[in-house]
Each structure stands twice: as C-alpha cells, then as structure tokens.
Amino acid sequence: MRWPTPLALTTTGSTSSAGADTPSVRVSSCEDERVDGGGFSLSDLATGEIVSVAIGDHAVAFTFEGRPTLLIDIGDAPDVFHATEQAVSPRWTWWSNRTALKIIELGVRPAKCWDLSAAHRLLFGGWRSGPEQIWARLHNLDTASIPHRMPVTLFNQALDAGDLGEPVGPDGHLRPEWVDGDWSKSSAQVVSWADTALAMQQLQSRYIDDLHHGPQLRATVLSESAAELLCAELEVDGLPVDAAVAASIIAGFVGPRPRDAAEAAAELKRRDDDVLQHLPPGITFDLRSPDQVKSLLRRVGIEVPDTRAWRLEALRDAHPIVEPLLAWRRAERVLTTFGYAWVDEHIGPDGRLRGLWSGSDGAAGRMTASAGLHNMPAELRPAVSAESGYAFVRADLGQIEPRILAAVSGDPKLAAATRADDMYAPVAEQLRVEREIAKVAVLGAMYGQTTGKGAEALRRLEREYPVAMGYLANADQAAQGGNDLRTYGGRLVPMTAININGVSDRDARSRAAARGRFGRNAMIQGAAAEFFKTWAVLMRARSNHLNARIVLCLHDELLIHVPEDRAAETAALLDRCLQEAAHRWAPVRSDGLQPVRFVSDTSVVGAWSEAKD
DNA sequence: GATTTCACGTA
DNA sequence: CGTACGTGAAATCC
C-alpha cells in the first residue's frame, strides 16, 4: 500500500468545537513543508473505523479508510486525541504501547488498539518485539540477520532525516536507522513509517487467519493489546502507597532511618553483632556473603550445601546462631530491596509507587512489573492504602489453575467439578481420597510433580479425568521432544524459552523431564494469564463511569482504586466481567450451563493487607 | 565493567 | 509439589 501525497499537517493548537457532536480540527502547517489541508471534521470520520498509527515519540498519522488524513504532534494536541476518542473511539494501531503512554500522559485514555508488539509476542513467542523483529518474522526473514546500527561516535554522527532513504533496506530488513527512531522526521517519513506499521497490522491479521487456531486467537490479540494499554495506565497512575506507613514498617525491621553514614554503619554493626555474638569473640564473618555464612555454620558444626532459608529453617535447634541468622536475613532483605532507598526511589511525592509494566514478558506470557510491585513482602501491604475518600476493591481468582485446566482441556468431568466453590471437594469424592490428597495430586499433575507421595492419587486422576490428564501429558511429551507449544488463547511457547542454565549440570533424562514440566506448566500458566488479562481489560473497558482505576495486577489478583461510594458497584461489576470473560472463553452449552465456572473472592478494603485469605 | 551465582520476595 | 518473574550483593569472568 502506497499512500498518495500525505496531508501531513500539525494543528496550531486551535481545536475549535463547532458543537459537542462535531469537534473539528483546523490544520495548517507541518515541520518542514506546507500542505494546504483545509478543515478537518471528526464527524466526517464517525461513519467508519479509523486506523491510526502513532509514530515514535511525537507525531501521529491518522488514516481513514486507508487514506492518510492528519498528522499531528502528540504534545501539541491533547484535545485532538480527546475529541477523537469521544467521537469515534478508534482502534489505534501502534508499534508498541510506548506511544499509548505518550497519549495517556496527556490525560487521554484510548479505549482500544492493535498493539503490534503484543501481537508479535503472542504469535511468535519470546521477548523481542521491536519493528525490526515484527517485520522480519512476517516476511520470513531470519531474525539473526537483522542489521544493527553502528554506535554513534564523533566521526559517525546521527543521520539527517534526508539520509534515511526508504524504511526497507537492500537486505529486505527494516533499516536500523528507522527502527531506532531518534531521527528527525519529515512529515513524509512519518507517514511512510505509519504506512509500514499499517502493513504489519494487515500481515499479522492474515497470519492469524492462516494459523487456523480458532476464533479465540484474534480475541486474544485484542485482549493482549488492551492489556498493553492497561500497562501504560498502571505506569502513569501508580499504586497508592502511604510512604509514612511504609517507613514505619521498615523501621520495625531495621530501625529508624539513619541520619548520616555513621549512624547507618552503627546500625549495621548492631545487626551484625546480634548474630556474631554467638561466636567466640574476635571471630567475624561477612554475613552478606553466602560462602562465608557456610564457613560460619561449619565452624559451629553445621554442614550445608547451601544456606537458603528453608534449609536453615530445619536447623533452628541445631545451634543458637541459626535463629538470629534467619532474622538477620529477613532484615537484610528489607534493608537492601525494600528499605528506605526503595521508598525514596519508587514512591513519588504524590504517594504513588511506580514501576514499569510489561503485558506479556516471559515464557508463558504473564504480566511483569518492576519496582517491587510483584514481589512486595506481605508485611509491607498495610502501606498500600486507598486515598482519602477512596477505597480498594480487591479480588482474586479462586483455584484458577485447575479451572483453567478444565476449560482448555475440555474435560467434561473436571468441568462439572468447577461447579463447586471448592472444586477439590468433588474431585476428592470422585477419587475417593482426602481433599488434601486430591489437591496435591491435581497440582502435581499440572506442575509435573516428581517427588511422589501422591503417586496412587495420580493414577486415579488419570483414570477419572483422562481428557485433562491427556492434555497435560501431550504438552509434556511435545515439550520433551523440543516442539513448540501454543496455549489455548494462541500464544506460542517456544522451547528455546526454557532456561537451560539452571539444569545444565543435570543429565539428559532430568533435562528432558525439566522441559516436560516447563511445557505442561506453560500451557496452564499461560492460559491463566490470558484469562486474567481478559478479565482485567473487560473491567477496564466497563468501569469508566465509576471512576475506577486498576492500580495493581498480580497474576490472579486485581486491586482497584475507586471513590468510596462506588465501591459496591465496582465489586458487582467485577463479578459480571468475570462471567463475561468465562463466557468469551467457552460459550454456554446447549443446556444453558456455563461449562466451566470461574469464581473470585472480592472485598472492599481500605488497605491491601485487609481481608486477605 | 559486564556477567553469573546465590538468595528471596511474589503468584 | 513446580514454574515464572525482578531485585541486590557477592563472586566470577574478561
């Protein structure tokens, strides 16, 4: 698709409203060329779907029915985005949510999009999903041959816009100069880059059709795209945290905030001495060094292969130094990872903890977050508290993994068990074992349990739920054979994603077993991640009128910040969204029943720590 | 200076 | 039970 001479224009900031229904934008000039574009009325666009492509950090090219319509500078025109969302709520197309972030920072919340990067990670697996990767895979080019740009040196200055040429180089790859995006763009080049992105959207769409993975694949692309919008919003909004409460909790572990270096050193020594006093005077070890801790333990007669907490836990009574050592470890964790430095670095003056969010990193496509948002110790959760006049609605999915297994495998008997609030109860009855045994057996089957107490229960599981167990065995076998997997929602799980390092010292058999475990786990964990994101983005889309904001996603748990008087409504809506997500995953049967039931535990709280099971 | 290992928090 | 992630400090590599 080549575009005609683009109407490459910027607004003058004079978005005039002719009326609430027909906002219009007057366009006049561009960075480096003048194109007489005349007037532009958003109401003209209301009849069809806009495809819009945001470019780099700044400019955005709008297209309508394949024709370039408008090019603007993001920072210049928040009102244009706002009006566009209001009038037509387009499905934006962009290379990644870094563009969405720019718009969200202006206070506009795009409703929907096609995120090329998210779609790419879904379709092809892995982490890398820049324009050059997207282009290469869709053109069957070897990603190893993607060219890299020479580092910029004194003698190798950044290119002028005029030196860029076409986006595609002679080797068939996107030119790295274009991908890097730190070039000054002419309007024609911006439009050309938009052209490229739109072409990728069409190729991805065709790729989806050709995979024949069922209607859920396209639905997953849209859900994962929306999840990227959610991620950008999570980065902008942040998690409400009371820094004073956080500081007082930290003080309980490591003492008050030191005023100077000497005080910090004294506090450090005091904590070290709590442990070292159990040794003969004069003997000292660096407690921060695992090797030295091992030597320390050897000196008091304890020999261990490593000094991990769970191992030392069992040796509490072996020597009086073990107990204070464990306490030291705990305090050290708080001090180094979640101490005052963490508070200072990640909690803003507005009382929001902010980190970077990824919608689908990793092997199975779960969301990830930095700044400790996903591994904050439970002891710190009281500091995560709603602002004045607000409340949290927190909800987590109950027994999500076995329910997912029932759904993706299509096992009718296991699906029947999901009708119970506690699905392990009917499973236990079926297996004629205790509930705990049944639970361990089901989890063991999903995770590839190796140490076997539940061996007998596992055999019974295979007899009673052959479809579900067959699904897992199939994934295990495929992964052991080095074959890539694809989740129920359509995410490719490449077997290259498995971390070989951790098992490199084992023999071939245990490596194969590790691959098998990885495979069966990825199919469940990945599908659960997809289901969770569907739930979350439905809630995001449905809750605008409540002023509710999702402020934390934690694999199976949602935390929503909402005005107090809308909390009950929000909780009710959250449940309806869960039912909608379940329905989208598996339409109702002929008898009108939902084949697999999903449940959540939902509560309205003032702080995250409350009402947590 | 960059990379790996150990340890540990979360699900 | 087992998988995944992000983190920080020490140890190791180059």
Side-chain angles (χ1 to χ4, degrees), chain A residues 127 253 285-294 304-313 325-326 328-339 341-342 345-346 355-358 360-381 384 396-402 436-455 457-458 472 475-476 479 493 497-505 510 513-529 532 552-559 608 612-613:
Chain A
W127 297 65
F253 281 93
F285 289 93
D286 181 0
L287 298 174
R288 284 154 201 84
S289 163
D291 272 353
Q292 291 211 27
V293 171
K294 214 193 285 188
V304 281
D306 61 63
T307 68
R308 294 187 137 84
W310 66 268
R311 208 183 285 283
L312 300 187
E313 210 74 53
L325 178 59
L326 284 165
W328 183 94
R329 276 268 176 84
R330 200 154 182 73
E332 182 71 5
R333 162 79 29 191
V334 170
L335 185 73
T336 55
T337 309
F338 294 98
W342 172 75
E345 188 171 355
H346 300 295
L356 297 174
W357 285 80
S358 167
S360 64
D361 268 351
R366 297 219 290 200
M367 294 173 81
T368 66
S370 66
L373 282 156
H374 272 180
N375 49 0
M376 190 188 304
E379 292 90 339
L380 277 167
R381 290 185 178 193
V384 181
D396 66 281
L397 298 172
Q399 301 173 341
I400 182 61
E401 282 163 328
E436 262 321 292
I437 305 283
K439 177 179 173 178
V440 168
V442 171
L443 292 175
M446 283 189 293
Y447 300 153
Q449 183 181 16
T450 50
T451 56
K453 285 178 189 165
L458 210 59
L472 293 168
D476 196 305
V493 181
I498 191 171
N499 179 12
I500 298 297
N501 289 338
V503 292
S504 59
D505 54 330
S510 66
R515 296 168 84 89
R517 283 197 304 273
F518 172 81
R520 58 170 78 208
N521 185 259
M523 293 296 274
I524 301 302
Q525 192 186 100
F532 174 79
L552 188 69
C553 296
L554 197 46
H555 307 314
D556 68 349
E557 182 173 2
L558 278 172
L559 196 64
W608 189 20
K612 177 74 182 164
D613 294 334

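Atom set for the values below is all heavy atoms of this structure, side chains included, hydrogens, waters and symmetry mates excluded. Throughout, a chain's letter reflects where its sequence line sits, starting with A, and its residues are numbered from 1.
With hydrogens and angles left out, the side chain of A:R329 and the base of B:dA7 share no donor-acceptor pair within 3.5 Å.
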Please table the atom pairs, donor to acceptor, closer than 3.5 Å between any side-chain atom in residues 438-445 of chain A and protein atoms at least two apart or in another chain.
none

Result block: side-chain N/O donor-acceptor pairs under 3.5 angstrom for residues 364-371 of chain A, not counting sequence neighbours:
| unit_1 | atom_1 | unit_2 | atom_2 | d |
| --- | --- | --- | --- | --- |
| A:S370 | OG | A:L356 | N | 2.9 |

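Atom NE2 in A:H555 sits about 12 Å away from atom P in B:dT10, given to the nearest Å. Between A:D306 atom CG and B:dC6 atom P the separation is 8 Å, expressed in whole Å. Spacing between atom CD1 of A:I400 and atom P of B:dT10 amounts to 21 Å, rounded to whole angstrom units. Whole-Å rounding puts the A:D476 CG to C:dC1 C1' distance at 15 Å. If you measure from atom CD of A:E313 to atom P of B:dA7, you get 15 Å, rounded to the nearest angstrom. A straight line from CH2 of A:W310 to P of C:dG2 spans 11 Å, rounded to a whole angstrom. One interatomic measurement links the two molecules: CD1 of A:I437 to P of C:dC1, which rounds to 14 Å at whole-angstrom precision. As a whole-Å value, the separation of A:Q525 CD from B:dT10 P is 17 Å.
No engagement by A:M367 is indicated, since no non-hydrogen atom pair under 4.0 Å with the nucleic acid exists. Backbone-only engagement by A:W127 is indicated by non-hydrogen atom pairs under 4.0 Å involving sugar-phosphate atoms exclusively. Residue A:A309 is classed as a sugar-phosphate contact, given heavy-atom separations below 4.0 Å to backbone atoms only. A:R520 comes within 4.0 angstrom of no nucleic acid atom, judged by non-hydrogen atoms across all strands. Using a 4.0 Å heavy-atom criterion, one finds that A:A378 contacts the sugar-phosphate atoms exclusively.
Nearest to the side-chain atoms of A:R517 among the listed nucleotides B:dA11, B:dC6, C:dT3 stands C:dT3. Side-chain proximity of A:L443 to the nucleotides C:dA4, B:dC6, C:dC1 is greatest for C:dC1. Relative to the side chain of A:N521, the nucleotides C:dT3, B:dA11, B:dG9 differ in distance, and C:dT3 lies closest. The side chain of A:T307 sits closest to B:dA7 out of C:dA4, B:dG9, B:dA7. Closest to the side chain of A:R366, out of C:dG2, B:dA11, C:dC5, is B:dA11.
Across every non-hydrogen atom of A:I400 and A:A528, the tightest pair is CG1-CB, 4.2 Å. Of all non-hydrogen atoms in A:H374 and A:W357, the two that sit nearest each other are NE2-CZ3, 3.5 Å.
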Expected rows: protein N/O vs nucleotides 7-14 of chain C N/O, under 3.5 Å:
| unit_1 | atom_1 | unit_2 | atom_2 | d |
| --- | --- | --- | --- | --- |
| C:dT7 | OP1 | A:A371 | N | 2.9 |
| C:dA11 | OP1 | A:S289 | OG | 2.7 |

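Every side-chain contact (heavy atoms from CB on, under 4.5 Å) that A:T336 has, sequence neighbours left out, goes to A:E332. For the side-chain contact (heavy atoms from CB on, under 4.5 Å) test, residues two or more places apart in sequence or in another chain that qualify with A:A479 are A:L485, A:M495. Not counting sequence neighbours, A:E401 has no partner by the salt bridge (charged side-chain N to carboxylate O under 4.0 Å, His left out) test.
Two residues are said to be in side-chain contact when any heavy atoms from C-beta on lie closer than 4.5 Å; A:R330 and A:F253 meet this criterion.
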